[in-house]
Each structure stands twice: as C-alpha cells, then as structure tokens.
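Okay, so here's the structure we're looking at.
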Amino acid sequence: MSDLLRGLNPEQLAAVTLPPQHALILAGAGSGKTRVLTTRIAWLIQTGQVGPHGILAVTFTNKAAKEMLTRLSAMLPINTRGMWVGTFHGLCNRLLRAHYRDAGLPQLFQILDSGDQQAAIKRLLKQLNIDDEKFPPRELQHFINAQKEQGIRPGAVEAWDEHTRRRAELYQLYDEQCQREGVVDFAELLLRTYELLSRNEVLRRHYQERFSHILVDEFQDTNPLQYRWLRLLAGYPAATGTAMFAVGDDDQSIYAFRGADVGNMREFEREFKVQNIIRLEQNYRSHGNILDAANAVIKNNSDRLGKNLWTEAGAGEPIRVFEAYSDLDEAQWLVEEIKALVRDGHLSSEIALLYRSNAQSRVLEHALFSAGLPYRVYGGLRFFERQEIKHALAYLRLIANSDDDTAFARVVNFPTRGIGARSLEQLADTARQHKCSLHAAIPLLSGKAGAVLSGFAQLIAQMKEGSSHLPLPEQIDHVIELSTLKEHYRSEKEGQDRIANLDELISAAASFIAEERVAEDGTPETHENVLASFLAHASLEAGEHQAGEGDDALQLMTVHSAKGLEFNMVFLSGLEEGLFPHENSAMELDGLEEERRLMYVAITRARQRLYLSFSQQRMLHGQTRYNTSSRFLEEIPAGLLKWLKPRQNRSFSGGGSYSAPAYQSAAPRREQNAGGVPGLRIGAAVAHAKFGQGVVIGAEGGGNDARVQVNFGAAGIKWLALSVAKLEIL
DNA sequence: TACTATACGGTTTTT
DNA sequence: CCGTATAGTA
C-alpha cells in the first residue's frame with residue numbers, strides 16, 4: 001500500500017485517503033488530478049473498503065476513461081472488470097441495454113450522433129411541411145438538446161410565446177419519431193436513464209446499493225441533467241452511505257456554451273453538505289513565470305472558488321511576446337521560431353500551436369507546409385463520421401433495426417439504384433398513414449415505386465440472412481459487398497481513401513471484438529448483440545483520426561481541444577480583441593469570464609516556454625480586420641513578458657499598407673519541397689496520367705496527408721493527394 | 001442523375 | 001475567403 005501512496009504531496013495524500021464521505025477536490029491545472037482519482041480508487045480497493053464492484057467512475061471523454069483504466073490496471077494486481085468506468089453516455093448506454101424493456105426501448109435500439117439527429121429533425125420538418133426558415137433545424141436541435149439537458153420533457157417546456165410553444169410541439173413530435181424508430185440521441189441516453197432510475201425504485205435501490213463510491217472527473221463540465229443523474233445514484237437526499245468524490249476546476253470550465261454549469265460545484269457542496277474540500281494547488285507542470293501569468297489572468301474573474309497555483313520549479317524563462325503586422329507575418333514568424341527550436345533539438349511533437357478558432361489554422365498550415373515542417377491538426381473529421389463509414393453503418397443499422405428511418409433514408413438510394421424523390425414521397429405518405437416505418441411501408445406500395453423499393457427491401461433481407469451466422473468482421477465485409485459501395489467509390493476521385501476506410505471498418509470491428517469481448521459483463525452475446533454494441537461503440541466513440549499518430553509533428557489545435565494536454569513549448573497565436581476574447585462572448589452572460597478561463601487553460605498547457613502573439617491586421621471571412629491586442633495580454637504583469645521585437649511606431653499611409661517587417665527582408669528562405677518530394681514546389685511543372693500537364697499552385701498538409709493543388713489548364717484545377725496521385729515532375 | 005452556379009454563413013465540442 | 005448546401009441545368 002505504501003507503494004501506492006508514495007510520492008503524493010500532503011494534499012494529494014489527504015484526498016486519496018479521505019474517509020468514505022462526499023468530497024470535492026479542487027484540482028488546478030497540472031496538479032495531478034488524474035493521479036489522485038485513480039490512486040483513490042486503487043487505495044479504496046486495496047484497503048478493502050470496497051470491491052471493484054462498488055466503484056462507479058464517470059468521465060466525459062472515452063480517452064479519459066481509457067486512461068483511468070490503464071492506470072488502474074497498472075496499480076492494481078486485480079483486473080478492473082466489475083468496475084464501472086466510463087463516460088456518462090457510455091454508462092447510460094450500458095444501463096439502457098441491460099434494462100431496455102423497463103426503459104421502453106427495443107432491445108437493439110440505435111444511437112443517433114449529432115449528425116444523425118440533425119438528419120432526423122430535417123426529415124421531421126419536411127414531413128410536416130414546416131418552413132425551415134422559421135424553424136432552422138440546427139436551432140431546433142439545439143433547443144431540444146437544451147431542454148433534455150435540463151431534464152425537461154415537451155409537456156414541461158415553459159412556453160410563453162407562440163414560437164416556443166411551436167418548438168415544444170416539434171420537440172414532442174421529434175421524440176415520438178425517435179420512439180417509433182427505436183433510436184435515441186445523446187441527450188436522450190442521459191434523460192432516459194435518469195427517468196428509468198427515478199421511476200423504478202427496485203432498480204434504483206439496486207444500483208444505489210451497488211455503487212458505494214461514485215467518482216466524477218471534470219466535475220465543472222457537468223450539465224444540470226448529469227448532476228441530477230449523479231445525485232440520484234448517490235441516493236440524495238437520503239444518506240445512503242454512498243460517497244461521491246468529485247474532482248474539478250472551476251477555473252477550467254470552458255463548456256458553458258454546450259450546457260455545462262459550473263454552478264454544480266457549489267450546488268454539490270451545499271446539497272451534499274460536503275465537509276471535505278481539498279485544493280490541489282501545487283503544479284508539477286509549468287515553470288513559475290507561466291503559472292504567475294496564469295494566476296494573474298484568472299484573478300480578474302469574479303465568483304471563483306479560489307485557488308492559486310504554485311510550483312517548486314524555478315521561475316524559468318520569461319514569456320515571449322510577438323507583435324506581427326499581419327496574420328501572414330505572424331505565421332512566418334512562427335515558422336522561423338519553430339525552425340530554430342527544432343534546430344536546437346526540440347521535438348516537434350512537444351511544440352503546440354494553439355488558437356481560439358479553427359479558421360486560424362489555415363494560415364498557419366500554409367506557412368508550415370511551405371516551410372516543410374510536419375504538423376498534425378487535431379479536431380478533424382473522425383473515423384466513424386466519414387460519409388462512407390456512415391453509409392456502411394446505415395446498412396448495418398437496418399439489419400439490426402429496420403425501423404431506423406434515418407439509416408433507411410441515408411442509403412435507400414445510395415449508391416443510386418433508381419429510387420427517386422417521387423417514390424420516396426409515396427413511401428413516406430404511406431408510412432405516415434399507417435404509422436409505421438419506411439421499411440415497413442414498402443409492402444404496402446404498388447406500382448413502380450413498390451417495385452423498386454421492394455428491390456431495396458430484398459437487398460436488406462439478403463444482407464441480413466446472408467450474414468447473420470457470420471462473425472462481425474465477416475458480416476460487415478459481406479454487407480459492404482452487397483451494398484456495392486466500393487464499386488461506387490471506385491469511380492470517385494477521392495474514392496481510394498474511401499475504399500481503404502471501408503476496409504479499415506472491418507479491422508475496426510475485428511479489434512472491437514478482441515477488446516470489448518473481455519470487458520463486457522453479463523449480457524448474453526448473441527450475434528445481434530455484438531452488432532448492436534459495435535454500432536453503439538461507433539456512435540459513442542467517433543474514433544480519433546489516427547493519421548500520423550506516431551510521427552514527430554507539430555501539434556495544431558484549438559485551445560478547447562488542448563484542455564488536458566501539455567507541451568514543452570506552446571505558441572498561442574491570435575491574441576487580439578474580437579478573436580480572443582471572441583467578439584461573440586460579449587453578448588453572452590459571463591461570456592468574457594469564460595473566455596478568460598479559456599486563456600487560463602491555454603497558458604497552463606506550457607511546461608517550459610510560452611509564446612504569445614498577435615497581429616495588427618488579419619484576414620477574416622475575406623475581409624481584413626484591424627485588431628488591437630487582447631486585454632488578456634494586458635492582464636499579464638509586464639515583468640513576466642519579453643517582447644521579441646521592440647514595438648515601433650509603425651505609421652501606415654492612407655492606402656493601408658504597412659512597411660514590410662524586418663525578417664522578411666532577411667536572406668531569402670529556401671522554398672521547401674511539398675511532401676518531401678524533390679522539385680515539387682509551388683510553380684513547378686508537373687504531369688498527370690489523366691489530367692495532362694499542369695502547374696503546382698498550392699500545397700497543404702504534411703507527411704502522409706500532403707496534398708498539392710495543380711492547375712491543369714483545360715482539365716481544371718485539382719487537389720491531389722501525394723500519397724495517391726502519381727505526379728511526374730517536369 | 002450528375003454536374004455546375006449561386007447563396008449563405010462562418011466560436012469553441014464531446015457524447 | 002472558402003466550404004457547404006441547395007437550386008438549377010444538361
């Protein structure tokens with residue numbers, strides 16, 4: 001046991017070894033939060049206070065859940081089976097699968113991701129002939145999710161105006177549609193589970209008694225429904241002997257815009273009469289100057305629970321600040337600085353380029369690409385969200401649940417099989433009249449529409465019959481074959497990637513059974529169940545896009561996606577009023593404070609060195625904007641900053657042109673080659689087997705993702721992936 | 001049905 | 001500016 005606790009500081013130790021009571025751990029950035037959480041679980045089990053069975057640990061992301069399990073199995077000799085560790089959504093899925101009847105769901109209910117949800121809403125609006133100008137699907141989706149996250153069903157919506165009343169009606173109709181189709185959206189997973197447990201006393205008691213310790217990660221990110229969900233399982237308001245151990249940092253609450261409510265921390269403290277509040281303020285990540293800057297910035301927020309980070313490490317280097325003339329200059333400066341770092345032996349993967357909004361990455365990417373610096377952009381399209389994968393999954397979903405109209409509509413005419421809008425309209429009418437799914441309405445149709453559609457129904461039946469006895473990967477392979485998706489993509493220009501992804505889906509299924517098989521408990525594993533859990537997995541875990549995972553590349557991401565990560569070197573660019581803090585934040589209540597927390601998160605990502613930069617002018621939405629530096633920059637004590645270039649008074653003449661920055665007049669940079677191919681650079685003449693001769697006019701991406709834009713004259717301008725296209729350099 | 005023109009909108013994001 | 005979505009055309 002001493003092994004387990006060795007190396008913990010007094011506060012960490014106190015948190016880990018708290019008696020089984022409710023506790024709130026205020027864990028600052030870099031204070032060893034995950035370590036405390038996992039060590040707490042290990043300690044509870046090792047000291048015999050609870051078996052793995054009694055542990056419920058909740059996270060927000062699959063990554064965090066996985067990380068926790070990995071660390072736990074390294075700490076504990078026993079295996080982690082029996083412990084419930086997962087995301088809110090993953091755990092709810094598990095509960096609903098186990099009690100689908102009580103929850104009023106079909107056994108093989110499907111999960112709608114946000115894209116599916118939006119498609120379902122659009123379909124509903126269309127079917128009701130509702131003007132989507134007046135009720136934009138996106139807005140309605142947001143409305144519905146916001147209600148669900150407050151635990152509000154359509155009947156309980158507070159509607160003072162006609163428009164809201166109408167939206168509540170649509171919410172009602174949407175829920176009915178989902179129920180009819182046997183699908184649940186993300187918010188519904190939570191709400192349905194909450195209602196199941198609050199309605200069903202036997203079940204509630206069972207889980208309340210089972211989980212004597214509930215541990216919650218990133219508590220500041222919980223929404224009201226999630227908080228109520230936790231409260232229910234903890235037996236509130238009765239004292240059931242369950243101990244809730246919540247870990248969070250109010251200063252890192254940056255998801256209010258999607259429903260998170262930091263107020264839950266105070267609520268928890270009040271409602272659960274939390275006696276144990278422990279602050280983890282010692283930071284093991286950053287040097288002193290960086291922490292001082294972070295503390296100085298966050299100090300400007302009101303209504304904090306209060307916390308001040310400190311470190312035993314020295315002050316370290318000053319924070320470097322750079323003022324650029326334009327976004328292009330800023331990018332150019334970044335490139336030079338990064339090259340110098342790399343020359344000095346710094347690992348590219350230890351250098352992060354952070355920005356407030358995704359739009360900013362474009363300029364950076366372009367500069368990095370031209371400089372031949374490998375980089376990786378986070379937050380792109382994820383594996384299970386790719387269209388070809390969604391198409392293949394839709395066929396699989398129809399096998400599992402033919403009433404899933406979202407899946408039906410997605411693939412009924414993809415690849416095209418002559419089922420046009422007219423036939424589908426007829427089908428939708430019939431389905432509505434008989435109050436049945438699109439699939440179920442097919443036999444009721446006659447004429448041409450009936451003929452083509454029953455062809456599709458036969459295809460689905462064939463897929464089902466032909467593969468029901470096969471193991472999952474073979475089953476998917478079979479379905480893809482019958483779908484003729486690959487044939488379709490063979491003729492498309494980006495088709496090669498798509499076909500490769502479809503093959504990848506089969507291996508994803510193979511590794512899914514290899515991994516999940518072991519972890520799964522209790523539920524009988526019929527063929528159908530395996531397929532359903534794989535589909536749930538695909539919805540719940542969209543899959544990190546694995547391109548260039550292992551490569552040593554610069555890390556580009558938004559500040560939001562950097563949360564939880566750390567790097568030796570951090571560049572934070574675009575520190576301008578209107579950008580960061582974002583102009584829209586001024587409209588929202590507490591918007592500026594959330595932006596400031598975002599700034600706090602950004603600063604605390606850096607271990608050794610932090611660069612801040614801003615630009616006098618920036619191209620945004622096709623227009624040049626002139627910005628002043630961010631107020632957050634002013635909030636950092638001047639003594640911590642080192643301005644990389646003295647601020648000169650640069651007059652700019654009426655025409656709006658600035659004098660050229662100094663470094664641009666330095667020795668001409670050697671243009672690097674695109675994707676490491678000698679001679680392939682902007683302006684180079686190339687030849688392509690199909691398009692003929694052309695000239696390289698653009699380039700982006702790095703390593704395996706490198707693409708070049710080529711003007712083939714008569715054949716047009718094309719983007720070509722270097723890993724795929726065969727280009728001859730002339 | 002597939003390709004092209006035009007309009008529109010454009011923080012942040014996980015599940 | 002630039003990608004997406006919808007409408008319009010061959």
Side-chain angles (χ1 to χ4, degrees), chain A residues 58-65 86-93 111-118 122 132-133 136-138 142 145 148-149 184-191 193 218 221-223 225-226 253-260 327 354-363 366 378-382 384-385 387 413-421 488 491-493 536-544 557-564 574 578-588 591 594-595 597-599 601-602 618-625 698 700 709 716 719:
Chain A
V58 197
T59 64
F60 275 86
T61 65
N62 293 299
K63 202 175 150 198
T87 63
F88 278 102
H89 299 267
L91 295 168
C92 286
N93 176 52
I111 298 167
L112 301 185
D113 66 21
S114 11
D116 299 331
Q117 186 186 30
Q118 195 170 29
K122 277 185 182 161
D132 53 6
E133 298 275 293
R138 272 197 63 86
H142 186 261
N145 290 337
K148 289 190 181 185
E149 280 160 14
V184 297
D185 58 50
F186 286 140
E188 185 71 23
L189 279 173
L190 265 299
L191 184 51
T193 309
E218 306 278 18
D221 287 339
T222 50
N223 67 35
L225 179 58
Q226 287 161 339
S253 153
I254 55 174
Y255 285 112
F257 72 92
R258 68 173 198 219
D327 46 354
L354 308 184
Y355 34 81
R356 173 66 240 267
S357 61
N358 285 308
Q360 289 165 255
S361 77
R362 179 170 296 284
V363 181
H366 190 85
Y378 281 72
L381 197 59
R382 271 126 16 124
F384 287 111
E385 279 165 359
Q387 76 149 319
N413 197 33
F414 192 95
T416 48
R417 42 178 77 86
I419 300 174
H488 172 87
S491 60
E492 246 185 33
K493 37 182 192 291
H537 166 83
S539 299
L540 292 171
E541 192 169 351
E544 289 294 306
M557 65 193 85
T558 64
V559 179
H560 279 93
S561 28
K563 189 174 154 201
L579 242 197
F580 197 1
H582 196 275
E583 51 199 349
N584 294 2
S585 69
M587 318 280 286
E588 287 147 34
E594 176 139 324
E595 293 290 304
R597 290 191 290 269
L598 203 47
M599 180 71 183
V601 168
R618 179 176 299 277
M619 188 73 118
L620 196 65
H621 305 329
Q623 276 182 325
T624 306
R625 301 174 27 142
E700 69 172 35
Q709 192 181 30
W719 276 105

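Residue numbers begin at 1 in each chain, while the letters A, B, ... track the order of the sequences. Computation of the quantities below employed the complete heavy-atom set of this structure, encompassing side-chain atoms and omitting hydrogens, waters and symmetry-equivalent molecules.
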Are any of the side-chain heavy atoms of [X] and [Y] separated by less than 4.5 Å?
{"X": "Phe186(A)", "Y": "Leu112(A)", "result": "no"}
{"X": "Thr59(A)", "Y": "Glu218(A)", "result": "no"}
{"X": "Thr558(A)", "Y": "Leu354(A)", "result": "no"}
{"X": "Arg356(A)", "Y": "His560(A)", "result": "yes"}

* To do: For the side chain of His560(A), starting at C-beta, report the closest nucleotide among dT14(B), dT12(B), dC2(C).
  => dT12(B)

* To do: Not counting sequence neighbours, which residues clear salt bridge (Lys or Arg N to Asp or Glu O under 4.0 Å) with Glu583(A)? List them please.
  => Arg625(A)

* Could I get the full list of salt bridge (Lys or Arg N to Asp or Glu O under 4.0 Å) partners for Asp185(A), not counting sequence neighbours? =>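 Per chain and number, Asp185(A) pairs via salt bridge (Lys or Arg N to Asp or Glu O under 4.0 Å) with Lys148(A).
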
Round to the nearest Å and state the distance from [X] atom [atom1] to [N] atom [atom2].
{"X": "Glu133(A)", "N": "dT6(C)", "atom1": "CD", "atom2": "P", "answer": "11 Å"}
{"X": "Phe414(A)", "N": "dA2(B)", "atom1": "CZ", "atom2": "C1'", "answer": "12 Å"}
{"X": "Met619(A)", "N": "dG3(C)", "atom1": "CE", "atom2": "P", "answer": "14 Å"}
{"X": "Gln387(A)", "N": "dA5(C)", "atom1": "CD", "atom2": "C1'", "answer": "14 Å"}
{"X": "Asp116(A)", "N": "dT14(B)", "atom1": "CG", "atom2": "P", "answer": "17 Å"}
{"X": "Lys563(A)", "N": "dT15(B)", "atom1": "NZ", "atom2": "P", "answer": "12 Å"}
{"X": "Gln623(A)", "N": "dC2(C)", "atom1": "CD", "atom2": "P", "answer": "14 Å"}
{"X": "Asn145(A)", "N": "dT13(B)", "atom1": "CG", "atom2": "C1'", "answer": "13 Å"}

* Asked: What is the nucleic acid contact for Tyr255(A), judged by heavy atoms within less than 4.0 Å: base, sugar-phosphate only, or nothing?
  -> sugar-phosphate

* May I ask you to say what Asn62(A) touches in the nucleic acid, namely base, sugar-phosphate or nothing, with a heavy-atom cut-off under 4.0 Å? => sugar-phosphate

* Asked: Do NZ/NE/NH1/NH2 and the carboxylate oxygens of Glu149(A) and Arg258(A) come within less than 4.0 Å?
  ->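 No, Glu149(A) and Arg258(A) are not salt-bridged.
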
* When the nearest nucleotide of DNA chain B is assigned to Leu540(A) and to Thr416(A) on a heavy-atom basis, which residue is associated with the more 5' position? ->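 Result: Thr416(A).
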
OP1 or OP2 of [N] less than 4.0 angstrom from a side-chain nitrogen or oxygen of [X], does that happen here?
{"X": "Arg382(A)", "N": "dT15(B)", "answer": "yes"}
{"X": "Ser114(A)", "N": "dT15(B)", "answer": "no"}
{"X": "Thr558(A)", "N": "dT13(B)", "answer": "yes"}

* Residue pair Asn145(A) / Gln117(A), side-chain donor-acceptor N/O under 3.5 Å ->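 Judged by distance alone, the side chains do pair up.
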
* Is the glycosidic torsion of dT12(B) within 90° of 0, making it syn, or is it anti? -> anti

* dA5(C) and dT12(B): how far apart are their P atoms, nearest whole angstrom? ->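 One P to the other, the span is 16 Å.
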
* Structure fact -> Applying side-chain hydrogen bond (donor to acceptor under 3.5 Å, both in side chains) to Thr87(A) and not counting sequence neighbours gives none

Can you pull every protein N or O that's under 3.5 Å from an N or O on nucleotides 4-11 of chain B?
unit_1, atom_1, unit_2, atom_2, d
dG10(B), N3, His621(A), ND1, 3.2
dT11(B), O4', His582(A), NE2, 3.2
dT11(B), O4, Glu588(A), OE1, 3.3
dT11(B), O4, Glu588(A), OE2, 2.6

* **Polar side-chain contact Ser539(A)-dT15(B) base: donor and acceptor under 3.5 Å** =>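 Side chain to base: no pair present.
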
* Which dot-bracket string fits DNA chain C when only Watson-Crick or G-U wobble pairs with both atom distances under 3.5 Å count, crossing pairs get [ ], and | stands for a partner on a different strand? -> ||||||||||

* Output all residues satisfying ring pair (Phe, Tyr, Trp, His ring centres under 6.0 Å) with Phe384(A), sequence neighbours left out; order by chain, then residue number. =>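 Partners of Phe384(A) under the ring pair (Phe, Tyr, Trp, His ring centres under 6.0 Å) test: His537(A).
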
